[in-house]
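Just below is one structure, and these are the notes that go with it.
Computed from a predicted structure; not experimentally measured. Residue indices begin at 1 and follow the sequence shown.
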Amino acid sequence: MGVVAACGAGFAFSDASAGQRPGRPTPRPAHAGHRPSSAATVPTASTQAAPAPATPAVPSASPSVAAGATPTGTGKVVLPTPDTGFDYQIGGPYQPPAGVGAVSRDHTAPPVPGLYNVCYLNAFQAQPDATAWWQANHPALLLRDGQGSPVMDEDWGEALLDVSTAARRTELAGVVGGWIDECAAKGYQAVEPDNLDSYERSGGRLDKSHNAAFAQLLAARAHADGLAIGQKNTTDLIDRGRSIGFDFAVSEECGHYDECGAFASAYGNRVFVIEYNAADFAKTCKAFGSTLSVVQRDRDVRPAGRSGYVFKSC
């Protein structure tokens with residue numbers, strides 16, 4: 001079993017680290033918001049989540065406002081509270097450690113009663129085992145190259161989704177919007193749509209404006225469902241985040257890339273930070289541990305009890 005430590009709850013922006021990140025590992029590390037391949041699921045509305053392991057009950061909060069949540073005043077959408085203890089469980093659900101008030105889980109998993117729950121969606125790319133599903137059900141929504149083949153994120157074996165036109169964005173929002181509806185129906189408080197930066201891997205077929213426009217549709221759907229929505233990584237779009245409709249941020253390795261301050265400024269310290277390296281975690285805790293929700297996880301975001309599992313908070 002890996003290191004497990006919990007010590008309570010818990011970003012500086014440089015132009016050199018925005019967008020294409022010099023020196024960023026290739027292939028991308030086994031996180032980047034992606035589920036491990038064993039957890040990947042075909043994106044259908046009927047997909048059922050595997051039951052979570054039997055665990056002690058988590059104390060419940062108010063039915064309208066979960067722990068770690070800040071009311072917006074609308075009586076509907078609630079925002080995460082800054083510096084809330086956080087756990088990143090997109091690799092599989094398990095009982096959150098003591099002190100955790102907010103958790104992010106894959107949209108196929110159930111939320112944790114009484115906590116602030118963020119629902120993970122791979123919104124801009126297809127899961128590796130789902131390309132055939134997209135080909136069969138929505139072939140026009142896969143981004144194509146000049147030969148008509150899907151444009152791939154080679155590091156992850158994921159086909160990019162085509163958000164290049166308003167018509168395709170609208171059709172795609174109908175599919176991803178169904179997942180957002182499911183998150184709301186399950187009792188999540190928020191969503192985090194991943195791969196907002198897919199335009200960087202599109203060979204010039206997509207740009208920031210295409211992805212921002214699609215994200216705006218997702219934000220509108222989330223808000224209509226009573227959910228907050230988080231910007232996932234992508235510092236190049238921080239300046240558009242509020243106009244898109246993002247309410248908070250989920251940032252992987254912002255401490256490593258000196259980006260945490262930019263996210264913190266944009267979202268009033270409502271930032272969930274995941275670091276994967278012990279030195280980066282220590283640095284981020286020192287700089288932002290008293291204001292942001294900072295956690296260290298293992299790069300494969302394994303469930304508790306699995307070999308290599310790591311959880312630390314500052």
Side-chain angles (χ1 to χ4, degrees), residues 11-22 24 28 32-33 70 72 74 77 79-80 82 104 118-125 141 143 153 160-174 176-177 179-180 190-225 227-255 257-274 288 292-293:
F11 270 11
F13 173 62
S14 65
D15 292 338
S17 65
Q20 298 293 338
R21 297 173 171 178
R24 187 171 186 177
R28 288 181 292 157
T70 301
T72 61
T74 64
V77 175
L79 305 181
S104 181
V118 182
C119 193
Y120 170 89
L121 307 167
N122 194 354
F124 290 78
Q125 297 183 181
L141 298 183
L143 187 67
D153 176 345
L160 273 64
L161 301 177
D162 190 351
V163 296
S164 63
T165 69
R168 286 176 180 168
R169 289 192 293 268
T170 298
E171 186 177 353
L172 186 58
V176 180
W179 308 342
I180 293 174
V191 294
E192 55 154 319
D194 197 20
N195 286 308
L196 178 62
D197 62 348
S198 68
Y199 57 87
E200 295 181 354
R201 299 177 288 280
S202 70
R205 298 171 181 86
L206 301 174
D207 61 32
K208 290 188 292 184
S209 295
H210 295 138
N211 285 39
F214 182 55
Q216 192 167 30
L217 295 179
L218 300 184
R221 183 66 163 259
H223 291 157
D225 280 344
L227 301 176
I229 183 169
Q231 175 176 341
K232 184 64 170 290
N233 302 324
T234 320
T235 53
D236 279 353
L237 287 173
I238 284 182
D239 61 338
R240 306 189 194 188
R242 288 296 193 179
S243 62
I244 288 171
F246 291 129
D247 303 299
F248 64 97
V250 178
S251 179
E252 293 170 293
E253 299 192 287
C254 67
Y257 293 109
D258 292 330
E259 297 169 344
C260 296
F263 285 107
S265 296
Y267 294 108
N269 291 337
R270 290 184 171 90
V271 186
F272 296 119
V273 182
I274 308 98
F288 297 101
L292 306 183
S293 301

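Considering only heavy atoms from C-beta on, L227 stays 4.5 Å or farther from R221 through its side chain. When side chains are defined from C-beta on, L206 counts as touching S198, because their heavy atoms get closer than 4.5 Å. Between N233 and E253 there is no side-chain heavy-atom pair separated by less than 4.5 Å. Contact of the D236 side chain with the D197 side chain is not registered, since no non-hydrogen atoms from C-beta on lie closer than 4.5 Å. Counting heavy atoms from C-beta outward, E259 and F263 have side chains that approach closer than 4.5 Å. Counting heavy atoms from C-beta on, the side chains of I274 and V250 come closer than 4.5 Å. The shortest side-chain heavy-atom distance between I229 and P193 falls under the 4.5 Å cut-off.
Atom CZ of F248 is separated from atom CG of N269 by 14.5 Å, given to the nearest 0.5 angstrom.
Scanning both residues, A222 and A228, for their nearest heavy atoms gives CB-O, 4.5 Å. Here the closest non-hydrogen pair linking L292 and A264 is CD2-CB, 3.9 Å. The two residues C254 and V273 have their closest heavy-atom pair at SG-CG1, 3.5 Å.
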As a quick check of understanding, evaluate side chain to side chain contact (heavy atoms under 4.5 Å, CB included) for Y120 and D194, giving each step before the final call. CA-CA 7 Å; Y120 170 89; D194 197 20; 2.9 Å; yes
Applying side chain to side chain contact (heavy atoms under 4.5 Å, CB included) to L237 and Y199, what does each step give before you reach the verdict? CA-CA 12 Å; L237 287 173; Y199 57 87; 4.2 Å; yes
Step by step, would you call E192 with S104 a side-chain hydrogen bond (donor to acceptor under 3.5 Å, both in side chains)? CA-CA 8 Å; E192 55 154 319; S104 181; 2.4 Å; yes
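The main-chain N or O of A266 is found under 3.5 Å from a side-chain atom of R242 such that the two form a donor-acceptor pair. A donor-acceptor pair is defined here as one N or O able to donate and one able to accept, closer than 3.5 Å; such a pair exists between the side chain of D207 and the backbone of H210. Of the possible donor and acceptor atoms, one in the side chain of N211 sits under 3.5 Å from a partner among the backbone N and O of L196. At distances below 3.5 Å, at least one donor-acceptor pair connects side-chain atoms of T234 with backbone N or O atoms of K232. When atom types are taken as modelled, the side chain of R169 and the backbone of V163 share a donor-acceptor pair closer than 3.5 angstrom.
Not a single salt bridge (charged side-chain N to carboxylate O under 4.0 Å, His left out) links R240 to another residue, sequence neighbours left out. In this structure Y267 satisfies the ring-ring contact (aromatic ring centres under 6.0 Å, His included) test with no other residue, sequence neighbours excluded. Residues passing the salt bridge (charged side-chain N to carboxylate O under 4.0 Å, His left out) test with D162 are R168, sequence neighbours excluded.
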